[in-house]
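The shown structure was predicted, so the numbers you read here are calculated from the model rather than taken from an experiment.
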Amino acid sequence: MSEKAKTAIFVIVAAIVGGWAYASRPVAINDAPEEEVNKPLFPEFNDPLLAQSMTITRFDPERATIRKFEVANTKNGWQIVTKGGYPANATEHMTQAAVSLVDLKVLRVIEASPGQQPDYGVVEPNAKSLTAADEGVGQLISIRDSADKILANLIVGYADKENAGLRYVRVPGRNRIYLVKLDPTVFSTEFSDWIDKDLLEVNPFDVWALHFRNYTLQLSQQGAIGYVPQLDAQVAFNETDNNWNLTQFQVPQSRESANLQPAEIPAGMVLNAERLNEIRDALKNVTIVDVVPKPTQLADALKTDFDFQKLQQEDWGTLIATGFLPYRLPGDDAVKICGVNGEVVFETKDAVRYRLLFGNTRLGGENKDQNQQYLFVQAEFAQEMVPMPELQELPEIKEGEGQDIEAQAKLREQIKDANGRALDVYHQRTAAAKLKILDLNDKFADWYYVVSEEDIAKIQLKRDQLAVAPKQPGGQPGAGMGGVPLRPEVMLPGSFAQPNPPVQPAPANDKPMEEKPAEEKPMDDEAAEAEPAEPMAEKATETPTEEKKADEPATEASETKSEDATEKPAENTQD
């Protein structure tokens, strides 16, 4: 290479480096500090309706990672981008956030050096330059328009010591620090603040039947599924009496038994209608705190006629990680996806059956200290809620002396019209129910929901809550129903090791599927927030409470009995 060529290359490289340095320099501010006081920090951002997306970036010092939360107005409406596109109820919340920056005025200007930024909490959250030991890292707020142009970019730092309503902030690329009046709560990254929290959207007074299926499923390393029943009870609401009736009640034959047998409420006790009403009302308040996207193929299968044969390795991995397994429960005619910690089924008067399946538990929330549980929701058609009408038989017209043929024909037409109206009502109710079920499954199928364990407990019925003594004259209910001591209602997180995928339910295939190991990825970008395999890692962080530890089998002998009890029904997966 000639000297001229080498010189040209050096000049080009120098120009590139110089351009990069110039572009990344702190932005010069023409105004003197005193000239910025009482003026908008973002003078060109004067219309909050221009805001079409917002990204909130924060630093997690415990994991030395960057966390991002992004909400955007897409062709499908507002969505939480970092949660796989979950629908966001963001119009009002987004407007509040945008308005707070449109009206943001400078109260004081501090000429600070980069070394002073930690003192005010305005260090930019940057994954490439931060470590767990770094302090004073702020929260970066970026608001953009529909063309992805930045309307406002701000690092929110500490509150002022003398006035908590004031905050120190900094614009990325500037050294100046500003004191402004700002409420940081409008920039919440809490998932539940941005969504419609009413998951089921059901009117409690439309609930006409409840079915409590308390059991646990345990998956062995060999792929066998052990079934441990605790209670199976069904109740129906009698509108005439304005009360509940017990339609089915089954319990295990013994503590070690995997078989259910019919049982009755003890003499002198009555069905606990008060508790059943509480459960019915609590269905309205099941609140989502987080979601994990299901694999696309699994979601698509759940929206149509579900077929286990179509599931892939990725599908089984997320099902197992969140606590849902294929199994044919006693009384069912087919294998279904079931929760490892049981389920509650309820039916509404519009012929929709909701299945709420309870999966694994985890620790979550902003501080990772909230007891949470995975929830799998499905909707089915409750045919018994729309019975075929009893049609009147059409009488034949009798001819002859003394027969009023005209009256007979009129009666025949009246019966035909009545039968037609009854069939129309039947078909309309059936069509409306099936259309609603399609809409519900289109909503439910895409997500593993996460709710608080407290919400789950409110809609579960324990065996000792089924019946109570009649109310005393003072109006106080009697004691709850006793009986054989039960196994824990909730399976402990560490009660079995991480399993292999279950045996394929189809009779033609006896080989268990092999689970594809989840690839570990650093959580340093927004993709980590929506990683489907995340529940696997989160589950490992679970810590059983002292109450749950007390429920664990105390001896090796009892563990052996439990294994013997679960191995026998494992064949159920092949049905």
Tell me, with the steps shown, if K83 and F69 meet side chain to side chain contact (heavy atoms under 4.5 Å, CB included).
CA-CA 8 Å; K83 284 296 180 182; F69 179 91; 5.5 Å; no
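- Looking only at distances, a side-chain donor or acceptor of Q383 sits under 3.5 Å from a matching main-chain atom of V386.
- Aromatic ring orientation, Y449 versus Y86: perpendicular (interplanar angle above 60°, classes split at 30° and 60°).
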Between Y327 and D332, is a side chain to side chain contact (heavy atoms under 4.5 Å, CB included) present by the stated rule, with each step listed?
CA-CA 10 Å; Y327 195 75; D332 289 352; over 6 Å; no
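- Using bins of under 30°, 30° to 60° and over 60° for the plane-to-plane angle, the ring pair F324/F376 lands in the tilted bin.
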Show your reasoning for whether side chain to side chain contact (heavy atoms under 4.5 Å, CB included) applies to L466 and L461.
CA-CA 7 Å; L466 179 63; L461 182 75; 3.7 Å; yes
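- Of all heavy-atom pairs between V71 and A88, the closest is CG2-CB, 4.1 Å.
- Nearest heavy atoms, L440 versus Y354: CD1-OH, 3.5 Å.
- Within the 4.5 Å cutoff, the side chain of L319 has no heavy atoms near those of the L325 side chain.
- D315 places no side-chain N or O within donor-acceptor distance of the main-chain N or O of P295, the cut-off being under 3.5 Å.
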Test log, rule side chain to side chain contact (heavy atoms under 4.5 Å, CB included), inputs L375 and L199:
CA-CA 11 Å; L375 180 67; L199 171 60; 3.8 Å; yes
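- Put simply, CD on Q234 and CZ on F212 are 10.5 Å apart, with the number rounded to the nearest 0.5 Å.
- Taking every heavy atom of both residues into account, M94 and W194 meet most closely at N-CZ3, 4.0 Å.
- Looking at R353 and E384, a side-chain N of the basic residue comes within less than 4.0 Å of a carboxylate O on the acidic one, giving a salt bridge.
- Side-chain atoms of T240 never come within 3.5 Å of backbone atoms of N238 as a donor-acceptor pair (strictly under, hydrogens ignored).
- Here the straight-line distance linking atom CG of L411 with atom CG of L394 works out to 9.0 Å at 0.5 Å rounding.
- Shown here is Q261, whose CD atom has more than 12 heavy atoms of other residues, nucleotides or ligands within 6.0 Å.
- Using a 4.5 Å heavy-atom cutoff, the side chains of W208 and E347 are not in contact.
- At a cut-off of 3.5 Å, with distance as the only test, no side-chain donor of N76 or T74 sits close to an acceptor on the other residue.
- Residue-environment remark: NZ (K410) stays at or below the threshold of 12 foreign heavy atoms within 6.0 Å.
- Results of the side-chain hydrogen bond (donor to acceptor under 3.5 Å, both in side chains) test with R362 over N371, T322, D290 single out D290 as the only residue that passes.
- Between the side chains of Q392 and N419, no donor N or O sits under 3.5 Å from an acceptor N or O.
- Contact between V340 and G359 at its shortest, heavy atoms only, is CG2-C, 3.9 Å.
- For the atom pair L260 CG and Q230 CD, the distance stands at 10.0 Å (nearest 0.5 Å).
- Between K336 and E380 there is a salt bridge, since a side-chain N of the basic residue sits under 4.0 Å from a carboxylate O of the acidic one.
- Taking CZ of R67 as the reference point, atom OG1 of T82 lies at 10.5 Å (rounded to 0.5 Å).
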Determine, stepwise, if the pair D281 / K458 fulfils salt bridge (charged side-chain N to carboxylate O under 4.0 Å, His left out).
CA-CA 9 Å; D281 294 340; K458 290 178 180 178; over 6 Å; no
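- Side-chain contact between V207 and V202 is present, with heavy atoms from C-beta onward closer than 4.5 Å.
- Taking each heavy atom of P470 and M269 in turn, the nearest pair found is CD-CA, 4.5 Å.
- Using a 4.5 Å heavy-atom threshold, the side chains of V451 and I456 count as touching.
- At a threshold of 4.0 Å, the pair R275-E278 counts as salt-bridged, since one of the basic side-chain nitrogens sits closer than that to a carboxylate oxygen.
- Distance alone, capped at 3.5 Å, places no donor-acceptor pair between the S188 side chain and the T185 backbone.
- Within a 6.0 Å radius of CD in E92, other residues, nucleotides and ligands contribute 12 heavy atoms or fewer.
- Taking every heavy atom of both residues into account, L231 and F249 meet most closely at CD1-CE1, 3.4 Å.
- Note on ring orientation: taking the six-membered ring where Trp is involved, the planes of Y227 and Y215 are tilted (angle from 30° to 60°).
- In this structure a side-chain-to-backbone donor-acceptor pair under 3.5 Å is present from R412 to P395.
- Using modelled atom types and a 3.5 Å distance limit, the side chains of N277 and W244 yield a donor-acceptor pair.
- We find the NE2-CD1 distance between H93 and I195 to be 12.5 Å, quoted to the nearest 0.5 Å.
- Atom CD of E454 is surrounded by 12 or fewer heavy atoms from other residues, nucleotides or ligands within 6.0 Å.
- Distance alone, capped at 3.5 Å, places no donor-acceptor pair between the R144 side chain and the A72 backbone.
- Between the N441 side chain and the A379 main chain, a donor and an acceptor come within less than 3.5 Å of each other.
- Taken to the nearest 0.5 Å, the CG atom of D196 stands 7.5 Å off from the CD1 atom of I288.
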